[in-house]
Amino acid sequence: MLRRSKRAALIGIRLAACALLAAAAAPGLASDDWDWDAVEAIDDAPVTKTPAAGAPAKTDATAPAAPRAAENALPDFAAEPVTVLAMFDGVAPFEVVPSQRDDEMHPCANCHQWATSNPEPRRLLTPHDNFELQHGLHGKGGFWCFTCHDVDNNFSLKTLEGEPVEFAHAYVVCSQCHAQQARDWAHGAHGKRVGNWQGRRQVFNCTACHYQHRPALKPREPLPGPTMRVGLPRPDHWVAAGQRPDHGAERQRDWQRDIERRRESVERDDTSDTAASGRVPADDAES
Amino acid sequence: MQNPDDDKPNGVSDLARRRFLKGLAVSAGAAGAVSASGGAWGGSTLSDAFADFFQQHYQRMSADEIATTIERIERKAKRRYGVDITCANTPPQDGVVFGYAINISKCRGYRDCVHACVEENNLGRDTQYIRVVELDRGSTDLHHADHYYDHAEVPRPGKDYLPMQCMHCDNPPCVKACPVEATWTEPDGIVVVDYDWCIGCRYCMAACPYQARHFNWGTPEIPAAELNPDTHYLGNRPRPRGVVEKCHFCVQRTRTGRQPACQEACPTGARVFGNLLDPNSEIRYVLENKAVFRLKEDLGTEPKFWYYRDA
């Protein structure tokens with residue numbers, strides 16, 4: 001009993017958007033001993049309700065309900081930007097741009113638009129073994145499909161309290177745990193505004209940048225730096241520190257080749273001295 | 001008697017003389033109908049070369065003179081790159097002062113902004129306005145920062161990445177250093193350069209504490225296919241050799257309400273751009289709610305460019 005309440009307290013902290021704290025205490029929370037009764041207990045406990053987690057549930061009740069699975073149609077991911085729900089204080093209404101990356105989720109829908117789901121938390125086996133959920137407690141488990149997805153409606157998300165959420169409003173689901181990020185996102189200190197700084201404010205949804213099943217951004221190769229050192233050997237201690245000796249040389253070659261081609265064409269024009277060349281401007285050809 | 005030029009193996013001087021005479025004749029005959037092929041007058045026509053020489057400072061030109069100058073700029077770009085560009089002269093908006101903030105917890109050093117800037121602003125391909133420096137985590141020690149970092153993957157553990165560009169100081173030392181007033185602060189806070197008035201003395205580069213200004217040692221080399229035809233007089237129009245240039249907050253975009261190219265390119269959303277005078281703008285939220293800092297604040301340059309970290 002003591003263990004259970006201790007675990008419940010830990011989950012409660014995470015639900016209260018103290019993700020870091022929970023992660024530090026995470027080793028005892030491997031997916032195998034995830035206590036789903038505790039989750040239900042937490043859902044009823046008022047102490048876990050942060051403003052961010054509580055607000056969406058209220059506003060969601062008034063919002064139009066997500067299309068139910070009866071239609072059995074895929075949601076229209078290419079829809080127009082939608083106005084965000086009024087869940088953030090002190091923010092003028094703004095629009096959220098639907099995620100372009102929802103394609104990555106479609107493989108699930110290929111089967112689950114007709115297949116029923118097994119709601120029981122378990123380690124996923126064939127044919128699910130190509131899918132890995134790396135979300136929650138830094139990939140150590142603790143999340144399950146139906147933490148965020150509605151088990152009765154494969155085309156709807158849900159809050160922890162079971163209120164349906166449209167995919168276009170995925171930020172409602174995210175903000176239950178990531179309250180700090182959600183507040184910054186609503187005010188513009190997190191996330192990315194699309195297109196303009198003036199006029200209609202359109203912001204990318206959380207899932208546009210963070211793949212929802214593996215939210216951490218992956219490291220990748222940087223584009224070339226200043227060209228001063230391109231073509232020159234890099235200092236040995238930089239190479240020893242993991243930098244490549246000749247990175248950027250390829251791009252340098254590319255644009256130098258372009259320049260040389262352009263020079264050649266200019267020289268051709270100069271030597272031919274006729275209006276036949278393609279580079280001679282139109283007004284010249286007229287005269 | 002034989003013409004001494006006939007002995008020349010390739011007749012180069014003969015060709016040059018012919019072109020000179022042709023240009024002279026045309027410009028003397030009709031000032032309106034310009035015509036010349038490449039080469040002479042620095043790749044221009046005689047009339048355009050004269051007009052270039054007598055071109056006034058941007059702030060002293062009348063609207064008509066600016067319009068004529070812009071036509072000439074477009075004509076020269078057509079001649080040089082074979083591309084039709086439009087050179088806008090969009091004025092600053094009332095009640096707008098631009099500011100920029102970068103979340104260095106979010107910046108991951110990909111340098112997408114750097115190359116978006118190069119392509120948007122028609123930079124010579126050996127020039128980069130944005131300098132992303134790699135620092136030890138939590139440090140702002142620019143002396144030990146590396147902007148040549150080149151790892152197989154970024155971000156590296158234990159490193160922060162901090163993009164630097166023109167800070168558009170409210171008290172800009174570069175403007176004070178310019179002996180010919182070729183650089184000044186626009187009403188919307190953008191520090192701009194009149195590339196045709198700049199004499200290339202590079203005093204401004206010495207005065208800038210952020211190394212934000214760049215000198216064109218040669219004519220900027222831009223592949224014609226990559227030339228951005230959407231330009232602005234004070235922004236990304238093609239620049240000549242021997243002048244200083246710098247970030248201008250993408251004046252050709254931001255004065256029409258768009259985001260700068262670096263903000264648009266950033267894949268992590270680290271960049272926040274907006275109007276400092278609008279209390280509801282995103283940048284004002286950042287300035288009022290985050291622990292922001294500016295680089296070399298002790299110099300009193302009052303940059304309109306802030307950095308902040310999450311939490």
Side-chain angles (χ1 to χ4, degrees), chain A residues 91-92 180-181 184-185 187-199 201 204 209 217-230 234 238 241-244 247-248 251-252 254-256 258-259 261-262 266 269-271 273-275 277-284 286-287, chain B residues 15 18-19 26 33-39 75 78-79 82 103 106 108-112 114-115 125-126 128 131-132 147-156 221 223-226 254 257-259 263-264 266-269 271-275 280-283 285-286 289-290 308 310-311:
Chain A
V91 186
Q180 173 72 48
Q181 283 85 347
D184 281 352
W185 174 79
H187 287 91
H190 182 116
K192 185 168 165 177
R193 184 167 175 168
V194 187
N196 62 6
W197 61 267
Q198 197 174 33
R201 180 165 172 238
F204 277 123
C209 304
L217 300 181
K218 280 188 166 177
R220 58 153 246 228
E221 184 185 15
L223 295 181
T227 52
M228 211 161 91
R229 290 199 182 269
V230 166
R234 284 175 188 277
W238 288 8
Q243 307 202 11
R244 274 161 302 173
H247 179 58
R251 189 185 169 89
Q252 168 95 353
D254 279 354
W255 70 257
Q256 244 169 12
D258 290 340
I259 289 163
R261 278 186 191 158
R262 198 168 68 76
V266 171
D269 292 349
D270 283 356
T271 48
D273 197 28
T274 64
S277 164
R279 281 195 78 266
V280 175
D283 57 357
D284 195 48
E286 287 163 14
S287 62
Chain B
L15 201 63
R18 233 169 52 211
R19 195 174 293 133
V26 168
V34 288
S35 165
S37 59
R75 205 158 54 229
K78 173 79 177 170
R79 210 173 278 129
N103 183 347
K106 288 277 175 292
R108 294 165 73 84
Y110 295 148
R111 290 207 188 98
D112 282 2
V114 176
H115 290 270
R125 294 306 191 243
D126 53 350
Q128 294 177 352
R131 188 191 306 270
V132 185
H147 69 279
Y148 295 112
Y149 69 87
D150 176 31
H151 312 292
E153 278 188 344
V154 286
R156 299 271 285 187
E221 299 281 11
E226 291 178 20
T254 51
R258 296 173 69 199
Q259 296 273 14
Q263 192 277 352
E264 206 168 281
C266 180
T268 67
R271 290 169 167 267
V272 180
F273 179 83
N275 179 9
N280 297 319
S281 64
E282 297 176 330
I283 183 138
Y285 177 82
V286 170
N289 292 278
K290 298 287 176 182
Y308 66 102
D310 278 338

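Convention: sequence-line order gives letters A, B, ...; per-chain numbering from 1.
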Fill in the blank from the handout: If you tally heavy-atom pairs under 4.5 Å between each of Thr254(B), Ile283(B), Val114(B) and chain A, the highest tally belongs to Thr254(B)
Practice task
Specify the closest pair of heavy atoms between Lys290(B) and Ala189(A), including all atoms of both residues, with the distance to one decimal.
Solution key: CE-CB, 3.9 Å
Practice task
Please name the pair of heavy atoms, one in Asn275(B) and one in Trp197(A), separated by the smallest distance, quoted to 0.1 Å.
Solution key: CB-CZ3, 3.8 Å
Handout entry: Region of Arg258(B) in contact with chain A, defined by heavy-atom distances below 4.5 Å
Key = both
Practice task
Taking all heavy atoms of Gly188(A) and all of Val272(B), pick out the closest pair and write down the distance.
Solution key: O-CG2, 3.6 Å
Handout entry: 4.5 Å side-chain heavy-atom contact, Arg108(B) and Leu217(A)
Key = yes
Problem - Electrostatic pair Arg201(A)-Glu282(B), nearest N-O below 4.0 angstrom - result: yes
Practice task
Identify, with sequence neighbours excluded, every residue that meets salt bridge (Lys or Arg N to Asp or Glu O under 4.0 Å) alongside Lys106(B).
Solution key: Asp310(B)
Exercise for the section: Give, for atom OG1 of Thr268(B) and atom NE2 of His190(A), the distance between the pair rounded to the nearest 0.5 Å. Expected result: 9.0 Å
Practice task
Would you check if Pro267(B) and Cys209(A) make a side-chain contact, meaning some heavy-atom pair closer than 4.5 Å?
Solution key: no
Handout entry: Residue, of Val154(B), Val286(B), Asn289(B), that accumulates the most heavy atom pairs under 4.5 Å with chain A
Key = Val154(B)
Exercise for the section: Measure distances from Asn280(B) to the heavy atoms of chain A and classify the residue's part below 4.5 Å as side chain, backbone, both or neither. Expected result: neither
Problem - Tyr308(B) side, atom OH; Asp184(A) side, atom CG - distance, nearest 0.5 Å - result: 7.0 Å
Fill in the blank from the handout: Distance col, row Leu223(A):CG vs Asp150(B):CG, nearest 0.5 angstrom, shows 10.5 Å
Completion exercise
Honestly, the part of Asp112(B) sitting under 4.5 Å from a heavy atom of chain A is both
Practice task
Supply the atom-to-atom distance Arg193(A) CZ to Gln259(B) CD, rounded to the nearest 0.5 angstrom.
Solution key: 6.5 Å
Exercise for the section: State, to 0.1 Å, how close Gln128(B) and Pro224(A) come at their nearest heavy-atom pair, and which atoms those are. Expected result: NE2-O, 3.6 Å
Problem - Taking every non-hydrogen atom, the tightest pair across Tyr149(B) and Pro222(A) - result: CE1-CB, 4.2 Å
Exercise for the section: Could you check if a side-chain atom of Gln263(B) sits within less than 4.5 angstrom of a side-chain atom of Lys192(A), using non-hydrogen atoms only? Expected result: yes
Exercise for the section: Of all the heavy-atom pairs spanning Arg220(A) and Tyr110(B), show the shortest one and how long it is. Expected result: CG-CE2, 3.2 Å
